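The block underneath contains the structure these notes are about, expressed in structure tokens.
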Amino acid sequence: MSHTLSRLAAVIEARKPANGGDPEKSYVSRLFDKGDDAILKKIGEEATETVMAAKDARVSGEASKLLYECADLWFHSMIMLAQFGLTPDDVLNELARREGVSGIEEKANRKLAEREQAERRD
Ligand SMILES: N=c1c2ncn([C@@H]3O[C@H](COP(=O)(O)OP(=O)(O)OP(=O)(O)O)[C@@H](O)[C@H]3O)c2ncn1[C@@H]1O[C@H](COP(=O)(O)O)[C@@H](O)[C@H]1O
């Protein structure tokens, strides 16, 4: 994992109120304190803002806003992962597991497995 992601993941973990984070002083602690719905609402907002920034970047030719919004989305995704006991390393390991497997091939294999499972049920 990159040093930046690793350091940020450690800070986010330490900000959990159960680990001594203070919702009065910390944005991350405040989100953990509010719970699942508040965290997931931020993911929805940041994802939407990222899409809008990408559309704007295509029109204006200026992608810096997209960069900021994508950083917000990654940051809030890391809070969501921590809320559910996952880490950026877990995501990186999943991406490594998929490495070299074409999405088209993966989908074809998945559909085949689903068909075989349905046939076994019938
Ligand atoms: N990387 C970030 C980071 N990126 C974005 N943000 C905050 O995430 C929020 C993004 O929400 P919006 O863009 O919707 O802006 P907003 O209107 O202010 O937010 P809302 O009122 O809607 O919640 C803003 O308040 C940003 O300041 C971040 N807050 C913290 N960090 C990192 O997390 C660490 C811990 O932060 P604290 O827990 O606040 O100490 C910091 O040292 C940073 O490294």
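Counting convention: from 1, in listed order, for ligands and their atoms alike. Heavy-atom basis, side chains included; hydrogens, waters and symmetry copies ignored. The structure displayed is predicted, hence computed values, not measured ones.
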- Query: Does the protein put a heavy atom under 4.0 Å from atom 42 (O) of ligand 1?
  - Reply: no
- Reference residue E69; test side-chain contact (heavy atoms from CB on, under 4.5 Å); the match among L73, D72, L67: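 Single side-chain contact (heavy atoms from CB on, under 4.5 Å) partner of E69 among L73, D72, L67: D72.
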- Query: Considering only heavy atoms, does Y27 approach ligand 1 within less than 4.0 Å through its side chain, its backbone, both, or neither?
  - Reply: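 For Y27, backbone and side-chain atoms both sit under 4.0 Å from ligand 1.
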- Item | Atoms in ligand 1 flagged as close to L8, the criterion being non-hydrogen separation under 4.0 Å |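 Once the distances to L8 are compared, the set is 32 (C), 33 (O), 44 (O).
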- Message: Distance under 4.0 Å to a non-hydrogen atom of E46: what atoms of ligand 1 satisfy this?
- Response: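 With E46 as reference, the close atoms of ligand 1 come out as 10 (C), 11 (O), 12 (P), 13 (O), 14 (O).
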- Nitrogen or oxygen atoms of R15 and ligand 1 under 3.5 Å apart: yes
- Task: Look only at interatomic distance and state if V28 has a nitrogen or oxygen under 3.5 Å from any nitrogen or oxygen of ligand 1.
- Result: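 Yes, at least one N or O pair falls under 3.5 Å.
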For [atom], which candidate among [options] provides the closest heavy atom?
{"atom": "atom 38 (O) of ligand 1", "options": "S26, G21, S29, A38", "value": "S26"}
{"atom": "atom 5 (C) of ligand 1", "options": "D22, L73, D72", "value": "D72"}
{"atom": "atom 23 (O) of ligand 1", "options": "K42, E69, E49", "value": "K42"}

- Query: If only atom types and distance count, is the side chain of N19 paired as donor or acceptor with the main-chain N or O of K16 below 3.5 Å?
  - Reply: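 Side chain of N19 to backbone of K16: no pair is present.
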- Query: In this structure, are over 12 heavy atoms from other groups packed under 6.0 Å from I104 atom CD1?
  - Reply: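 No, not enclosed.
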- Message: Counting only heavy atoms from other residues, nucleotides and ligands, does the tally under 6.0 Å from CD of E24 exceed 12?
- Response: no
- Query: Between E62 and K65, is there a salt bridge with N-O shorter than 4.0 Å?
  - Reply: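 No, K65 and E62 are not salt-bridged.
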- Please determine if E94 and R98 form a salt bridge, counting it only when a charged side-chain N lies under 4.0 Å from a carboxylate O. yes
Would you call [X] a ligand 1 contact, heavy-atom distance under 4.0 Å?
{"X": "R7", "answer": "no"}
{"X": "H76", "answer": "yes"}
{"X": "K25", "answer": "no"}

- Item | Separation between OG of S77 and CD1 of I39, rounded to the nearest 0.5 Å |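 Taking OG in S77 and CD1 in I39, the distance rounds to 11.5 Å.
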